[in-house]
Amino acid sequence: MSEQPPNPTTAPAPEATDATATPEAAPAPGTADAATVSGSATDDATVADAVTVTDDATTTVTGSATGSTAADVTADEAAALRAASFERQRRLRQEPRFPGGPAADPAGSHHERRIRSFQPRRSRVTTGQQDALERLWPRWGLDIDGKRVLDLDQLFDGLPVVLEIGFGMGEATAQMAADDPGTGILAVDVHTPGQGNLLGLADKAGSTNVRVANGDAVILLREMLAPESLDGLRVYFPDPWPKARHHKRRLIQPEFLDLVAPVLKPGAVVHCATDWEPYAEQMLEVLTAHPRFENTAADGGYAPRPAFRPLTRFEGQGLDKGHVVHDLLFARV
């Protein structure tokens, strides 16, 4: 994903998480993902944790869970309590953090058996970000729910559209939108503060060519985009998942490119950038091997940074630490 504030799930700056997923074991039924539950659990949402089955097939429910002193219930009643708890947790995962704003889990993607290349998380939303979400989400935001195919011509008033997966706090995306008002940017991320920040930056700059999509980009590519509808794809500083056992979580994989190729117009460019050398090498290898993409660099290697891709604060910090940033530009054939 593009640059974001540091967090425990990402590698050294400017690498960050990206908004896609690829196939993983679903979480245990009824577990609450802290990244997708709005607010803390209430008493009835945690009652199952306070239930213990005794030898005589009865269950003791403590007063801290029920609000009463103590009560003996049957095993069937305890099962009903657990079922009610799990259902409440499921509803909490689906409730939007801000009414009318981005949904907590628009497509239920974390219940699919997929290895995700991103880590949803809840972070503090500033007053300005909240204001932008409440004012602008109904106009410029959309949830990736997998229930419809987007009409990009209508969504962007006929502009050519590029998809950006992972935009962090949105500074680079807002600048590219302002610099090129003739291109629509469909920007995907799962980070609520970043979504609000990008909307606010676009509004402040007077840019009307940005739409913010909330959710899993794999679902967007697979179910919500028409064939040959995109004029480009941008993936800047996705999470490198540096540990070997996590390499399967990296976004740029052959299976991902199989999803990307059909929705790109012929000649559309996939533009990737990373400061993680081993990931850059994997990107180059995977893109070069794919039959639907051709390297635009004459020597078959990395490309110079295009002028339209801003040098961001986080990228600058990486460069100061001696990181080497690689850009890759491959055209869809």
Side-chain angles (χ1 to χ4, degrees), residues 1-2 4 16-22 35-36 94 96-98 100-110 112 114 116-121 125 129 132-157 159-174 176-177 183-203 207-226 229-236 238 251 256 259-260 263-264 268 270-271:
M1 157 180 302
S2 57
Q4 297 182 0
T17 59
D18 45 272
T20 64
T22 52
T36 57
Q94 295 177 345
R97 192 171 184 183
F98 303 103
D105 185 23
S109 60
H110 65 284
E112 296 184 12
R114 294 197 285 132
R116 293 181 295 173
S117 64
F118 67 97
Q119 180 63 49
R121 65 193 189 282
V125 175
Q129 293 161 0
L133 286 167
E134 293 174 348
R135 288 189 303 107
L136 301 171
W137 187 263
R139 192 170 14 138
W140 290 345
L142 63 97
D143 283 318
I144 300 173
D145 55 16
K147 297 179 180 179
R148 65 198 188 282
V149 175
L150 298 177
D151 185 340
L152 296 184
D153 283 339
Q154 182 181 37
L155 196 62
F156 287 92
D157 298 322
L159 295 177
V161 178
V162 298
L163 173 66
E164 181 177 0
I165 297 177
F167 55 79
M169 294 305 291
E171 295 98 336
T173 305
M176 289 186 290
T183 297
I185 301 177
L186 179 58
V188 181
D189 211 303
V190 294
H191 188 225
T192 309
Q195 293 167 347
N197 203 58
L198 174 54
L199 289 171
L201 290 172
D203 186 46
S207 301
T208 60
N209 56 327
V210 177
R211 302 293 181 270
V212 178
N214 169 54
D216 188 340
V218 164
I219 294 175
L220 177 71
L221 290 164
R222 189 181 65 198
E223 302 172 21
M224 297 181 66
L225 294 175
S229 58
L230 292 177
D231 291 84
L233 170 66
R234 297 168 180 170
V235 184
Y236 299 153
L251 176 60
F256 173 73
L259 287 176
V260 168
V263 299
L264 291 177
V270 173
H271 182 193

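Reckoned from all heavy atoms, side chains included, excluding hydrogens, waters and symmetry mates.
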*Which residues share a side-chain contact (heavy atoms from CB on, under 4.5 Å) with D151, sequence neighbours left out*: D153, Q154
*What pairs with L150 under side-chain contact (heavy atoms from CB on, under 4.5 Å), at least two apart in sequence or on another chain?*
L142, R148, L152, L186, L220, M224, L225
Nearest 0.5 Å, please: how far is [atom2] in [Y] from [atom1] in [X]?
X: D143; Y: I219; atom1: CG; atom2: CD1; answer: 11.0 Å
X: R222; Y: D216; atom1: CZ; atom2: CG; answer: 7.5 Å
X: I165; Y: L233; atom1: CD1; atom2: CG; answer: 5.0 Å
X: I185; Y: E164; atom1: CD1; atom2: CD; answer: 6.5 Å
X: L221; Y: F256; atom1: CG; atom2: CZ; answer: 5.5 Å
X: Q129; Y: E134; atom1: CD; atom2: CD; answer: 12.0 Å

So do the side chains of [X] and [Y] get within less than 4.5 Å of each other, counting heavy atoms only?
X: D203; Y: R135; result: yes
X: T183; Y: D231; result: no
X: D157; Y: T208; result: no

*asked:* Would the distance check show the side chain of N214 and the main-chain N or O of V190 forming a donor-acceptor pair, the cut-off being under 3.5 Å?
replied: no
_Minimal non-hydrogen separation, V161 against F156, with atom names_ = CG2-CD1, 3.5 Å
*Nearest heavy-atom neighbours spanning L198 and G170*: CD1-O, 3.5 Å
*Decide yes or no on side-chain contact (heavy atoms from CB on, under 4.5 Å) for V162 and M176, but give the supporting numbers first.*
CA-CA 11 Å; V162 298; M176 289 186 290; over 6 Å; no
*Might you work through the side-chain contact (heavy atoms from CB on, under 4.5 Å) test for L133 and T192, ending with a clear yes or no?*
CA-CA 9 Å; L133 286 167; T192 309; 3.8 Å; yes
_Sub-6.0 Å ring centroid separation between F167 and H191_ = no
*Can D189 and V212 be said to form a side-chain contact (heavy atoms from CB on, under 4.5 Å), step by step?*
CA-CA 8 Å; D189 211 303; V212 178; over 6 Å; no
